[in-house]
2 protein chains.
Amino acid sequence: MPNPPKQSIIVAVDTVIFTVKDGELCALLIQMKKSPYTGLWAFPGGRVENTETTEETAVRILKEQTGVSNVYLEQLKTFDSIERDQLERVISVASFALISSSEVELKTTDKYQDVKWWPVKKLPELAYDHKHIAKEAITRLKSRLQYTNIAWSLLSEEFTLTDLQRVYEIILDTTVDKRNFRKRILALDLIVPIGKKRGGEANRPAELYKFKHKKLEYVEIM
Amino acid sequence: MPNPPKQSIIVAVDTVIFTVKDGELCALLIQMKKSPYTGLWAFPGGRVENTETTEETAVRILKEQTGVSNVYLEQLKTFDSIERDQLERVISVASFALISSSEVELKTTDKYQDVKWWPVKKLPELAYDHKHIAKEAITRLKSRLQYTNIAWSLLSEEFTLTDLQRVYEIILDTTVDKRNFRKRILALDLIVPIGKKRGGEANRPAELYKFKHKKLEYVEIM
DNA sequence: ACAAAAGTGTTGTTACTACACCCATGG
DNA sequence: CCATGGGTGTAGTAACAACACTTTTGT
């Protein structure tokens, strides 16, 4: 009897990068050149090197694609169905990242046909099993938003209560009463006014706030 | 310049198998024979074959260790720090399983020194990074218990309200008021009385219940 | 008759929802 | 002075926590 074949599974990372932009929740997609997925879109990803952790891989990819380096990043789930890549056995440790849209500057490389933000409600056809990854990532994001202070990673340093409310409304796909929202958020003691106002618009200037802590805390928000 | 080394990462699965037994939350551990971890305890695990998914690997291992096959199983997290295995680069897709203690029959193999249930509050020294896996698994279990109907997988088919309350008290490490607990659980409409009573004890016989659905549903329970 | 767990309701308190008007600014 | 979003309080309701005694069985 011949020796059993040695394990030959490739480990990759795919990262769903979210931002809130033009009133919509968007994810970053790259358009692929290589066969058999030519023209299809996919979340940015790559193989894990022998000497790096999957988190390091994700950070590296994030930097390559967006230039950003200090973002919220979290492991999502490992996708491993046998046929998810048509050519080889590749398992993907998927992660998701949150970025304030003001901080991003998309890099175009000739590795891909295109790189673009897509509203998650109108995603194009995706390569591999990325449709499943998308679904899982959106679910996780919604859950995080409800039970943690993670919204800090989607806003810039200084923001108004209305900005914050918009983030919740857009991602959770609801509308909330302004007064109730403010009461709730302020009671949680997650954010503090910085004593400045954002003016320059044709209306009353809004008080600016910042998050007290920029790291994950579990709090029931909505 | 030589070619860069091809990726050589081994993919394994480790499964934390929980049960509630003798009034305590317990996890199944095997005691290792092979160096350099001889004598240390670890969660049961193994390599993923080229032709199986990680879930299939987990199911296979579960069957080998406990003989049980129809249990709750969920992917937990992928652990991938570079030094987690002293000998090779191995990443572990950890999962956790829940078993009703009445259904188990531990199999002993000569592959391990010993196989045993350990109360999670008194775990021995663990091999690899299994201490981290344990922590993550316990956190996840507590969360699942609070937000889902998952308790069905820890009880036998028929159980009393007190049995159910014990599961919550033991795992969440709290005590709850009997009347409030019953009101809450019954209002959620997750369980139904089967019309039988459990007698034979020196006290009033207790009504027996069963879960309506034996699959994951998200409900706020506690 | 006694021990041991099962079973059952009410009341006070708290948290949440619904809701409408005045304010400050730029044009 | 008008349009635009910013900012604020109250009252009714529903959900939750606290709490103690009676019932049924086996010995």
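Small disclaimer: the values here were computed from a predicted structure and weren't measured. Order of the sequence lines fixes the chain letters, A, B, ..., with proteins taken first and strands second; residue numbering starts at 1 for each chain.
Scanning DNA chain D 5' to 3' for nucleotides with an atom closer than 4.0 angstrom to a non-hydrogen atom of chain A gives a first and last hit of dA3(D) to dT10(D).
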task: Determine, stepwise, if the pair Phe43(B) / Tyr128(B) fulfils ring pair (Phe, Tyr, Trp, His ring centres under 6.0 Å).
output: CA-CA 10 Å; Phe43(B) 297 114; Tyr128(B) 309 110; over 10 Å; no
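Using a 30° and 60° split on the angle between ring planes, Phe96(A) and Tyr72(A) fall in the perpendicular class, above 60°.
Checked by atom type and distance alone, the side chain of Ser153(B) pairs as donor or acceptor with a backbone atom of Ile150(B) at under 3.5 Å. Of the possible donor and acceptor atoms, one in the side chain of Thr148(A) sits under 3.5 Å from a partner among the backbone N and O of Arg144(A). Using a distance-only test at 3.5 Å, with no hydrogens or angles considered, a donor-acceptor pair links the side chain of Gln146(A) to the main chain of Lys142(A). Counting only distance, with no hydrogens or angles, the side chain of Arg84(A) and the backbone of Val90(A) share a donor-acceptor pair below 3.5 Å.
The pair Asp177(B)-Arg184(B) fails the salt-bridge criterion, with no side-chain N (NZ, NE, NH1 or NH2) lying under 4.0 Å from an Asp/Glu carboxylate O.
Counting non-hydrogen atoms of neighbouring residues, nucleotides and ligands closer than 6.0 angstrom, the NZ atom of Lys196(B) reaches no more than 12 such neighbours.
Between the side chain of Asp177(A) and the base of dC19(C), a donor-acceptor pair under 3.5 Å is found.
Using a 4.0 Å heavy-atom criterion, one finds that Thr162(B) contacts the sugar-phosphate atoms exclusively.
Scanning residues 193-211 of chain B for heavy-atom distances under 4.0 Å to DNA chain C yields Ala202(B), Asn203(B), Arg204(B), Pro205(B), Ala206(B), Glu207(B).
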